[in-house]
Amino acid sequence: MSHEVWRLLDRRAERAERSWPETMSVLPVGRRVRARVLAARPFGVFVEIDGQPDALGLVEITTVPRGSELPAVGICFDAVVVSHAAHNWQVRLRPAEVEVGN
């Protein structure tokens, strides 16, 4: 990942920390959201969440069906909030088309 992408994610994490109580309130588990991929890593993709400019989302590779790929940088998709990671202020998501239990 480029130096610029790391800086972007660091700034996003700082904002996510400051807005964490509000983020948890407006993005409860089960909420469907629109997301856009900011950066890709081997373990998943970091996303921005529509309407929540201070939230930092993460879609882990384990949330997509075997044989599927994570969305590429810049791609928008529907996702569902599955959990909150308070230790790093991330909203954990899964792609909306993935059925729970699959």
Side-chain angles (χ1 to χ4, degrees):
M1 218 168 21
S2 73
H3 188 65
E4 291 92 31
V5 173
W6 278 117
R7 281 197 317 236
L8 169 72
L9 292 176
D10 282 345
R11 285 191 308 270
R12 181 78 56 156
E14 290 169 7
R15 291 184 359 225
E17 179 181 9
R18 287 192 302 270
S19 66
W20 187 242
E22 178 188 351
T23 297
M24 288 188 43
S25 172
V26 299
L27 296 173
V29 171
R31 170 74 45 97
R32 190 178 178 107
V33 299
R34 188 80 176 149
R36 185 175 69 86
V37 178
L38 296 172
R41 300 297 299 148
F43 55 83
V45 292
F46 290 98
V47 300
E48 64 182 354
I49 300 169
D50 253 9
Q52 298 302 316
D54 294 332
L56 179 59
L58 175 64
V59 178
E60 293 178 293
I61 188 76
T62 58
T63 65
V64 296
R66 186 172 293 197
S68 297
E69 293 184 14
L70 287 164
V73 172
I75 297 296
C76 294
F77 62 99
D78 291 326
V80 176
V81 176
V82 295
S83 67
H84 301 101
H87 69 281
N88 57 6
W89 311 285
Q90 292 175 355
V91 178
R92 302 291 170 89
L93 305 162
R94 67 169 170 79
E97 70 275 3
V98 175
E99 295 293 323
V100 175
N102 287 347

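As the structure is a prediction and not an experimental result, all values here were calculated from the model.
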Student: Once you round to the nearest 0.5 Å, how far does CH2 of Trp89 lie from CE of Met24?
Tutor: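 So the gap between those two atoms works out to 13.5 Å.
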Student: Going by heavy atoms in the side chains, are Leu56 and Phe46 under 4.5 Å from each other?
Tutor: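 Touching, per the 4.5 Å side-chain cut-off.
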Student: Using the salt bridge (charged side-chain N to carboxylate O under 4.0 Å, His left out) criterion, which residues pair with Glu60? Sequence neighbours excluded.
Tutor: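 Applying salt bridge (charged side-chain N to carboxylate O under 4.0 Å, His left out) to Glu60 gives Arg92.
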Student: Kindly indicate whether the side chain of Ile49, heavy atoms from C-beta on, has any atom under 4.5 Å from the side chain of Leu93.
Tutor: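 Yes, close enough: below the 4.5 Å cut-off.
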Student: What pair of heavy atoms forms the shortest contact from Val37 to Ala72, and how long is it?
Tutor: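 Closest approach of Val37 to Ala72: CB-O, 3.3 Å.
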Student: Who pairs with Arg15 by salt bridge (charged side-chain N to carboxylate O under 4.0 Å, His left out), at least two apart in sequence or on another chain?
Tutor: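 Partners of Arg15 by the salt bridge (charged side-chain N to carboxylate O under 4.0 Å, His left out) criterion, ordered by chain and then number, come out as Asp54.
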Student: Taking all heavy atoms of Pro95 and all of Val64, pick out the closest pair and write down the distance.
Tutor: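 Answer, listing the atom of Pro95 first, then Val64: CG-CG1, 3.7 Å.
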Student: Taking the side chain as every heavy atom from C-beta outward, state whether Leu70 and Ile61 have any pair of such atoms under 4.5 Å apart.
Tutor: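 Yes. Closest side-chain heavy atoms under 4.5 Å.
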Student: Should Val47 and Ile75 be regarded as members of a common hydrophobic cluster, given that ILVMFWY residues are connected when their side-chain heavy atoms come within less than 4.5 Å of each other, either directly or indirectly?
Tutor: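 They do not share one cluster, since no chain of ILVMFWY contacts under 4.5 Å joins Val47 to Ile75.
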Student: For the side chain of His84 and the backbone of Leu27, is there at least one donor-acceptor N/O pair under 3.5 Å apart?
Tutor: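 Yes, the answer is positive, given that a donor and an acceptor are paired below the 3.5 Å cut-off.
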Student: What are the two closest non-hydrogen atoms of Thr23 and Ala55, and how far apart are they?
Tutor: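 So the minimum-distance heavy-atom pair works out to CG2-CB, 3.9 Å.
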Student: Which residues pass the salt bridge (charged side-chain N to carboxylate O under 4.0 Å, His left out) test with Arg32, sequence neighbours left out?
Tutor: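 In terms of salt bridge (charged side-chain N to carboxylate O under 4.0 Å, His left out), with neighbours along the sequence ignored, Arg32 is linked to Asp78.
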Student: Please identify which of these residues, Val59, Thr63, Val81, Thr62, meets the side-chain contact (heavy atoms from CB on, under 4.5 Å) condition with Arg94.
Tutor: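 Considering Val59, Thr63, Val81, Thr62, a side-chain contact (heavy atoms from CB on, under 4.5 Å) with Arg94 is found only for Thr63.
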Student: Is there side-chain contact between Phe43 and Leu58, with heavy atoms separated by less than 4.5 Å?
Tutor: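 Yes - at least one pair of side-chain heavy atoms lies under 4.5 Å apart.
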Student: Taking atom CZ of Arg34 and atom CZ of Phe77, what is their separation to the nearest 0.5 Å?
Tutor: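 So the gap between those two atoms works out to 8.5 Å.
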